[in-house]
Chemist: 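Below is a structure I'd like to ask you about.
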Amino acid sequence: MSCFDTFTSYALRSIGIGERLLPKTDFTLCDQVVLIGSGMIWNVYFAVLALTLGFFFAVSLALGRSSENPVFRIPARAFIFVIRGSPLFIQFFLIYEAFVLIPKMGWDINLGFIEITVETKWLTKAWLGALITLFLNTAGYTANIFYGALRSIPKGDIEAALAIGMSKRQIFWRISFPTMLRLAWPSYTNEAIFLFHATALVFFSSFPAWRQKGDSLYYASYFADKTFNPFVPYPIIALYFICFTLLIITLFGYVNKRLNRHIAPNT
Amino acid sequence: MFEYCTDPKLIEGFQWWSCYLSNGKHMSFYFSFLVVLSLLALTVPFILLFGFTGALARRSTFAPFRWFGTIYTSMVRGVPDIIFFLFVPIAMDQGIEVIRHKIKCSDWPEPIRQGNDFVVCTAAKMPLSSSAQWVHETYGFMLATIAFAIVFGAFAANTIHGALGAVPKGQLETGAAFGMSPGQIFRRIHLPQMWVYALPGLSNLWMILIKASPLLFLLGVEDIVYWARELGGSKTARFAYPHGDWRLGYFLFLLVFYLFLTWLSEKFFDRIMHKLSRGQNTAAGMS
């Protein structure tokens with residue numbers, strides 16, 4: 001099989017398109033590069049969705065944590081403490097077990113005129129269950145970063161806004177929020193990289209890979225197990241991760257530049 | 001453990017629980033907490049050693065050392081730690097076996113890599129297949145410790161490198177003005193003042209290390225995650241203590257354990273930071 005054939009049959013293998021059987025013998029370098037690359041689709045999927053959704057939740061959590069109302073402050077604080085104080089690995093297991101138990105309990109929602117049985121099976125599937133875990137995890141860490149940034153907003157800026165008669169809402173959208181993002185951005189970049197790296201744990205820890213549709217690490221360890229040679233698949237996956245990490249740094253760097261565009265550059 | 005535990009089917013309530021929670025497997029479960037804590041304690045000196053080596057290599061005036069230090073410290077930024085944890089133990093294991101093979105069976109005719117197989121002579125196996133179970137377990141644990149030390153050593157090297165650079169230049173110049181040798185300046189001024197800058201990063205690293213410790217499970221060590229899955233899985237009536245799927249409960253317990261550990265560490269580092277800041281040339285040291 002030529003490398004082109006391998007590419008057409010395995011490039012989308014991780015999402016179930018193409019050849020069903022994985023190569024069993026005579027693993028070529030091409031096989032490994034294509035399949036591990038195919039698995040990266042999952043890593044990117046998890047990272048992009050978890051970061052995007054997590055961002056909004058994190059902003060609300062950070063606002064909740066800095067709120068004066070204990071109804072918002074205490075739950076936000078507890079959530080951040082639990083997420084930041086426990087290993088992601090344990091969170092994966094815990095959420096997986098919880099989702100496995102939910103369908104067994106049965107779940108009927110009575111809307112009065114109609115009764116719906118909520119289908120909870122897909123919660124135990126990685127595409128949703130693991131996404132929820134990663135989303136909650138990144139939201140917790142990001143919220144802490146944003147909370148720290150909110151507290152470091154210069155008081156004078158807010159006072160100046162009040163002095164010219166801005167409303168609370170205006171102050172938030174025009175002063176607090178942009179400043180918070182600007183201050184938090186370098187740490188947020190780090191968090192994005194960590195989350196991207198954490199996506200490697202999904203299929204490897206708790207959520208089973210269904211029909212051998214797994215992420216890049218799933219395939220890399222498949223090859224390492226079959227060939228007894230860790231020196232090929234792991235460097236390949238490492239290179240993939242390095243490339244994507246550089247991509248994250250570049251993209252976040254652009255945003256950082258835009259956020260800081262009104263600030264005189266350090267000379 | 002207790003006398004009334006001889007037939008667990010007959011007892012219930014408090015007695016059942018006391019027997020259940022003190023049976024042999026639970027004792028192994030409690031022991032595995034010590035395994036995790038000892039991994040944490042054992043890796044720390046190695047992490048600091050690797051960290052200092054990496055940081056000093058990066059500051060070295062000799063270019064190849066500097067390149068090595070830079071590559072070592074930046075690799076953890078680009079590659080997930082889990083990949084190192086999977087790669088390092090196998091790679092080290094195979095490396096050791098190849099060396100032993102070369103020494104002990106130099107007359108072996110066939111190559112070591114035959115297609116998809118990795119074949120070394122029986123005498124070169126590490127540990128020997130005849131060794132006791134605990135030798136295998138200790139060897140696996142050792143490889144895991146080294147993998148942890150390499151990865152977190154690189155993180156520590158980053159922090160220490162930054163901290164060494166953060167010590168005010170004037171402090172070092174004063175030392176030079178007093179006629180101290182470079183070694184004396186490093187030992188008496190640079191190193192003691194570095195800690196206060198390194199500590200926030202190192203305490204953060206310790207938190208990450210704690211939170212990475214359940215990955216031991218993936219390396220085949222019988223750690224707390226292994227036992228939580230083992231004990232929590234549903235047990236049919238064939239077992240002495242039948243119960244349903246309790247894994248959720250066991251994992252909740254692990255969660256609480258980790259929360260407690262990180263909370264305790266945070267308190268501890270706050271105190272140290274307070275102590276170290278005394279008399280230092282930083283905002284916290286002024287008060």
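So you know, we letter chains A, B, ... as the sequences are listed, proteins then strands, and number each from 1.
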Chemist: Please indicate whether B:Phe260 has more than 12 foreign heavy atoms, meaning atoms of other residues, nucleotides or ligands, lying under 6.0 Å from its CZ.
Modeler: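 It does not: B:Phe260 CZ has 12 such atoms or fewer within range.
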Chemist: Does any backbone or side-chain atom of A:Ile249 lie under 4.5 Å from a heavy atom of chain B? Answer side chain, backbone, both or neither.
Modeler: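 Just its side chain gets close to chain B.
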Chemist: Output the distance between atom CG (A:Leu217) and atom CD1 (B:Ile83), rounded to the nearest 0.5 Å.
Modeler: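 A:Leu217 CG to B:Ile83 CD1: 5.5 Å, rounded to 0.5 Å.
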Chemist: Is it the case that over 12 heavy atoms from other parts of the model lie below 6.0 angstrom from the CZ atom of A:Arg77?
Modeler: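 Incorrect, the count does not exceed 12.
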Chemist: Quick one: sort the A:Phe89 and B:Phe217 rings into parallel, tilted or perpendicular, breaks at 30° and 60°.
Modeler: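 Because their plane-to-plane angle lies in the 30° to 60° range, the rings of A:Phe89 and B:Phe217 count as tilted.
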Chemist: Is the closest side-chain heavy-atom distance between B:Arg77 and A:Asn190 below 4.5 Å?
Modeler: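 Yes, their side chains come closer than 4.5 Å.
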Chemist: Given 3.5 Å as the limit, does a donor-acceptor pair link the side chain of B:Gln94 with the main chain of A:Phe228, or not?
Modeler: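 At least one qualifying donor-acceptor pair exists.
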Chemist: Top residue by heavy-atom pair count (under 4.5 Å) with chain A, among B:Asp81, B:Leu215, B:Leu261?
Modeler: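 Result: the option with the highest number of such pairs is B:Leu215.
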Chemist: Side chain to side chain contact (heavy atoms under 4.5 Å, CB included) for A:Tyr96 and B:Phe251? Distances and angles first, verdict last.
Modeler: CA-CA 10 Å; A:Tyr96 179 69; B:Phe251 281 120; over 6 Å; no
Chemist: Atom CG in B:Leu255, atom CG in A:Leu94: separation rounded to 0.5 Å?
Modeler: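 Answer rounded to 0.5 Å: 6.0 Å.
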Chemist: For B:Ile224, which atoms come within 4.5 Å of any heavy atom of chain A: side chain, backbone, both, or neither?
Modeler: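 Neither part; nothing is under 4.5 Å.
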Chemist: Heavy atoms, side chains only, cut-off 4.5 Å: are A:Ile242 and B:Met75 in contact?
Modeler: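 Result no, sub-4.5 Å side-chain heavy-atom pair not found.
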Chemist: Establish, yes or no, whether a centroid distance under 6.0 Å links the rings of A:Phe231 and B:Phe87.
Modeler: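 Centroid distance A:Phe231-B:Phe87: below 6.0 Å, so yes.
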Chemist: Find out whether A:Tyr234 and B:Phe84 are in side-chain contact, i.e. whether some heavy atom of one side chain is under 4.5 Å from a heavy atom of the other.
Modeler: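 In short, these two side chains do not touch, never coming nearer than 4.5 Å.
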Chemist: Which pair of non-hydrogen atoms, one from A:Ala98 and one from B:Leu248, has the smallest distance, and what is that distance?
Modeler: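 Closest approach of A:Ala98 to B:Leu248, heavy atoms only: N-CD1, 3.6 Å.
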Chemist: Pick one of side chain, backbone, both or neither for A:Ile193, based on which atoms fall under 4.5 Å of a heavy atom in chain B.
Modeler: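 For A:Ile193, the contact with chain B is made by the side chain alone.
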Chemist: Checking heavy atoms, do the side chain of A:Phe194, its backbone, both or neither come under 4.5 Å from chain B?
Modeler: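 For A:Phe194, side-chain heavy atoms alone lie under 4.5 Å from chain B.
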Chemist: What part of A:Ser86 gets closer than 4.5 Å to chain B, counting heavy atoms only: side chain, backbone, both or neither?
Modeler: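 Both backbone and side chain.
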Chemist: Donor-acceptor pair, distance only, cut-off 3.5 Å: does the side chain of A:His197 make one with the backbone of B:Gly78?
Modeler: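 It does hold such a pair.
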Chemist: With chain B as the partner, which of A:Ile90, A:Leu201, A:Val82 has the greatest number of non-hydrogen pairs under 4.5 Å?
Modeler: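 Option with the greatest count: A:Ile90.
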Chemist: Nearest heavy-atom pair of A:Arg84 and B:Lys211: which atoms, and what distance?
Modeler: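 For A:Arg84 versus B:Lys211, the nearest heavy atoms are O-NZ, 2.7 Å.
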Chemist: Measuring heavy-atom distances to chain A, does B:Val76 have an atom under 4.5 Å in its side chain, in its backbone, in both, or in neither?
Modeler: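 Backbone of B:Val76 only, per the 4.5 Å heavy-atom cut-off to chain A.
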Chemist: Taking atom CZ as the centre, does A:Arg151 end up with more than 12 heavy-atom neighbours from other residues, nucleotides or ligands that are less than 6.0 angstrom away?
Modeler: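 Check fails, neighbour count at 12 or below.
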